[in-house]
Student: 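Please see the structure below; I have some questions.
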2 protein chains.
Amino acid sequence: MQRIPSKTVERLIVYRRVLASRVEGRSGHVYSHELAGMARVSAVQVRRDLMEAGFSGSPSRGYEVDELLGRIDRILDAPDGMKAVLVGVGNIGRALLSFLAGRGLKIEVVAAFDNDAAKIDRVISGCRVYDMQTLPERSRALGVRIGVIAVPGPQAQAAADALVEAGVTGILNFAPVPLLVRAGVQVEQVDIMRALEKVAHFAKQEKAREV
Amino acid sequence: MQRIPSKTVERLIVYRRVLASRVEGRSGHVYSHELAGMARVSAVQVRRDLMEAGFSGSPSRGYEVDELLGRIDRILDAPDGMKAVLVGVGNIGRALLSFLAGRGLKIEVVAAFDNDAAKIDRVISGCRVYDMQTLPERSRALGVRIGVIAVPGPQAQAAADALVEAGVTGILNFAPVPLLVRAGVQVEQVDIMRALEKVAHFAKQEKAREV
DNA sequence: GTCACGTTGTGATACTATTAACAGTAATCA
DNA sequence: TGATTACTGTTAATAGTATCACAACGTGAC
Ligand SMILES: NC(=O)c1ccc[n+]([C@@H]2O[C@H](COP(=O)([O-])OP(=O)(O)OC[C@H]3O[C@@H](n4cnc5c(N)ncnc54)[C@H](O)[C@@H]3O)[C@@H](O)[C@H]2O)c1
Ligand SMILES: NC(=O)c1ccc[n+]([C@@H]2O[C@H](COP(=O)([O-])OP(=O)(O)OC[C@H]3O[C@@H](n4cnc5c(N)ncnc54)[C@H](O)[C@@H]3O)[C@@H](O)[C@H]2O)c1
């Protein structure tokens with residue numbers, strides 16, 4: 001399976017989401033312009049993405065939805081699911097746990113870690129919190145592949161080091177700190193403050209419409 | 001002032017952050033490769049970004065830090081600050097309020113809105129929660145320019161419509177729904193689930209290093 | 001059948017972003 | 001002083017991404 005461009009992966013995730021959530025109206029088919037409308041992208045972008053995904057439609061009926069969903073699943077997901085751990089059970093960490101709990105997602109948070117004695121051994125949204133010290137061996141024993149970092153900025157790099165030591169190959173980082181990891185470990189930054197400052201910058205030069 | 005590329009704006013935000021947080025060691029100067037190391041980008045990327053920002057350094061001393069920070073502020077921030085409102089005081093919304101409260105940021109959350117009677121009129125992290133119905137006129141009266149959407153997906157588009165009606169020109173959206181807004185309104189998507197699924201996809205094909 | 005229509009698949013093209021290459025310059029030192 | 005060094009500023013080259021334009025195709029109308 002060839003490598004699919006990063007931006008295409010992002011959109012495939014959105015396509016899957018909007019297809020899964022739409023009322024299964026009539027036929028099991030969808031045209032590129034319909035999918036484009038739901039995902040707020042152009043129709044040609046959809047066709048190009050599905051081409052990258054190696055998927056073909058019919059000029060008369062469009063794309064077969066179930067088959068498309070199956071194909072996207074096969075590209076995006078690991079066949080036997082993926083285990084993740086959370087590092088830092090604070091405001092963001094708890095919000096995330098409560099959000100992820102319950103749903104039968106392919107990505108499952110199997111443990112959380114913190115260094116605050118008041119949190120250790122508690123169970124939050126069905127997920128037990130363990131001592132940070134035990135992260136490397138416990139994560140490795142569980143076969144964890146993904147780490148989510150939600151600790152304060154100054155602790156983020158150490159958390160990343162512990163995760164890499166545990167053998168994770170993907171990190172989702174909420175701390176506003178650029179991480180340094182060995183090659184082969186994927187880091188995805190979710191920088192909320194940066195996003196806010198960015199939108200403020202571009203909003204600044206826009207003119208508000210009068211009532 | 002000419003338009004600065006989107007990616008450059010993102011990095012200017014990071015440069016400002018790492019410069020502000022570093023221990024003011026010795027001189028008030030910094031070389032491109034030092035800044036690059038702190039921001040985890042290449043040195044040439046730093047030089048190009050500062051060029052886009054219209055800033056010059058000296059070949060012998062590098063860039064004057066205070067002057068650079070001032071220049072970045074002038075580019076990124078509105079001179080008289082910017083007011084924002086939060087829509088949806090749930091898990092994410094509360095985390096955000098507690099995070100933003102107190103600090104003397106240029107972006108200030110002046111009001112929150114919800115449609116849950118149990119939350120209306122409460123004060124959370126110093127921010128009062130109002131009835132969703134009052135959003136357009138109250139936000140307009142306050143001179144709000146930015147809206148943060150943290151309501152469930154199905155309610156996100158309606159929230160965006162209300163914000164646009166209130167005259168905001170920038171929206172930070174946490175709901176996993178692509179928004180449709182009029183031209184001139186900047187939307188920044190913070191799609192946490194997409195980020196998680198994306199990192200899982202790329203982590204999947206990486207090989208974990210053995211102990 | 002065949003014509004018109006609306007759609008897909010994709011080469012070509014344009015745009016955005018990153019990286020390489022190097023000329024220009026100030027400081028240092030033999 | 002002239003050679004050396006380490007940096008900046010910028011043009012050129014490359015990579016990544018999005019869009020345009022259109023050939024190819026299946027379907028239904030007639
Ligand atoms: N809350 C927000 O809205 C928000 C917004 C933007 C960025 N962030 C970033 O997200 C991160 C978490 O934010 P938060 O609001 O949840 O913070 P928080 O203070 O509520 O939670 C941090 C948690 O990490 C734990 N922790 C601290 N050091 C640790 C260590 N060395 N090992 C393990 N656990 C440790 C703490 O005990 C605490 O439970 C921060 O980096 C913050 O900058 C948060
Ligand atoms: N919590 C997470 O970790 C997380 C992760 C990924 C995405 N998200 C997204 O962020 C959004 C918020 O998530 P959450 O966990 O905070 O949800 P939540 O259910 O905790 O909070 C939603 C809040 O919005 C309010 N609300 C509902 N409808 C409203 C309306 N029409 N007008 C005004 N207020 C309304 C509710 O009263 C509630 O206070 C959701 O779209 C969710 O998909 C959250």
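In what follows, chains are A, B, ... by sequence order, proteins preceding strands, each numbered from 1. Computed over heavy atoms, backbone and side chain alike; hydrogens, waters and symmetry mates excluded.
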Student: Answer whether the closest heavy-atom distance between the side chains of A:Phe99 and B:Ile192 falls below 4.5 Å.
Tutor: no
Student: Output the rounded distance in Å from CZ (A:Phe55) to P (C:dT10).
Tutor: 14 Å
Student: Nearest whole angstrom, please: distance from the P of D:dT27 to the OH of A:Tyr31.
Tutor: 10 Å
Student: Check the interface with nucleotides 26-30 of chain C: list each N/O to N/O pair with the protein under 3.5 Å, or write none.
Tutor:
from, atom 1, to, atom 2, distance (Å)
C:dA26, O3', B:Ser60, OG, 3.4

Student: Would one find a side-chain N or O of A:Ser56 under 4.0 angstrom from OP1 or OP2 of C:dG9?
Tutor: yes
Student: Give, ordered by number, those residues of residues 44-51 of chain A having at least one heavy-atom distance below 4.0 Å to an atom of DNA chain C; if nothing qualifies, reply none.
Tutor: A:Val44, A:Arg47, A:Arg48, A:Met51
Student: Just one of A:Leu86, A:Asp114, A:Leu97 clears the side chain to side chain contact (heavy atoms under 4.5 Å, CB included) bar with A:Ile124, so which one?
Tutor: A:Leu97
Student: What is the distance, to the nearest angstrom, from the OH atom on A:Tyr63 to the P atom on C:dG6?
Tutor: 18 Å
Student: For the pair made of NE2 in A:His29 and P in C:dT8, what is the distance, rounded to whole Å?
Tutor: 11 Å
Student: Does the A:Tyr31 side chain pair with the main chain of A:Ser60, one donor and one acceptor, at a distance under 3.5 Å?
Tutor: yes
Student: Separation of B:Leu35 atom CG from D:dC7 atom C1', in whole Å?
Tutor: 14 Å
Student: Output the rounded distance in Å from CD (B:Glu52) to P (C:dT19).
Tutor: 14 Å
Student: Any side-chain heavy atom of A:Arg145 within less than 4.5 Å of one from B:Lys204?
Tutor: no
Student: Return the minimal non-hydrogen interatomic distance between B:Arg94 and B:Val89, and the atom names on each side.
Tutor: NH1-O, 3.4 Å
Student: Whole angstroms only, please: what is the NE2-C1' distance between A:His33 and C:dT8?
Tutor: 12 Å
Student: Knowing that exactly one of A:Asn173, A:Leu180, A:Val151, A:Ile149 qualifies, which makes a side chain to side chain contact (heavy atoms under 4.5 Å, CB included) with A:Gln157?
Tutor: A:Leu180
Student: Using a cut-off of 4.0 Å on non-hydrogen atoms, how would the nucleic acid contact of A:Ser42 be classed: base, sugar-phosphate, or nothing?
Tutor: sugar-phosphate
Student: Grab the two heavy atoms, one from B:Lys83 and one from B:Val110, that are nearest each other, plus how far apart they are.
Tutor: CG-CG1, 3.9 Å
Student: Which heavy atom of A:His33 sits nearest to which heavy atom of A:Ala43, and what is that distance?
Tutor: CA-CB, 3.8 Å
Student: Nearest to the side chain of A:Lys7, which nucleotide is it out of D:dA18, C:dT7, D:dT8?
Tutor: D:dA18
Student: Let's go through A:Tyr63 and A:Leu35 carefully: what are the C-alpha distance in whole Å and the side-chain angles of both, what is the deciding distance for side chain to side chain contact (heavy atoms under 4.5 Å, CB included) to 0.1 Å, and is it a yes or a no?
Tutor: CA-CA 10 Å; A:Tyr63 301 90; A:Leu35 192 42; 5.8 Å; no
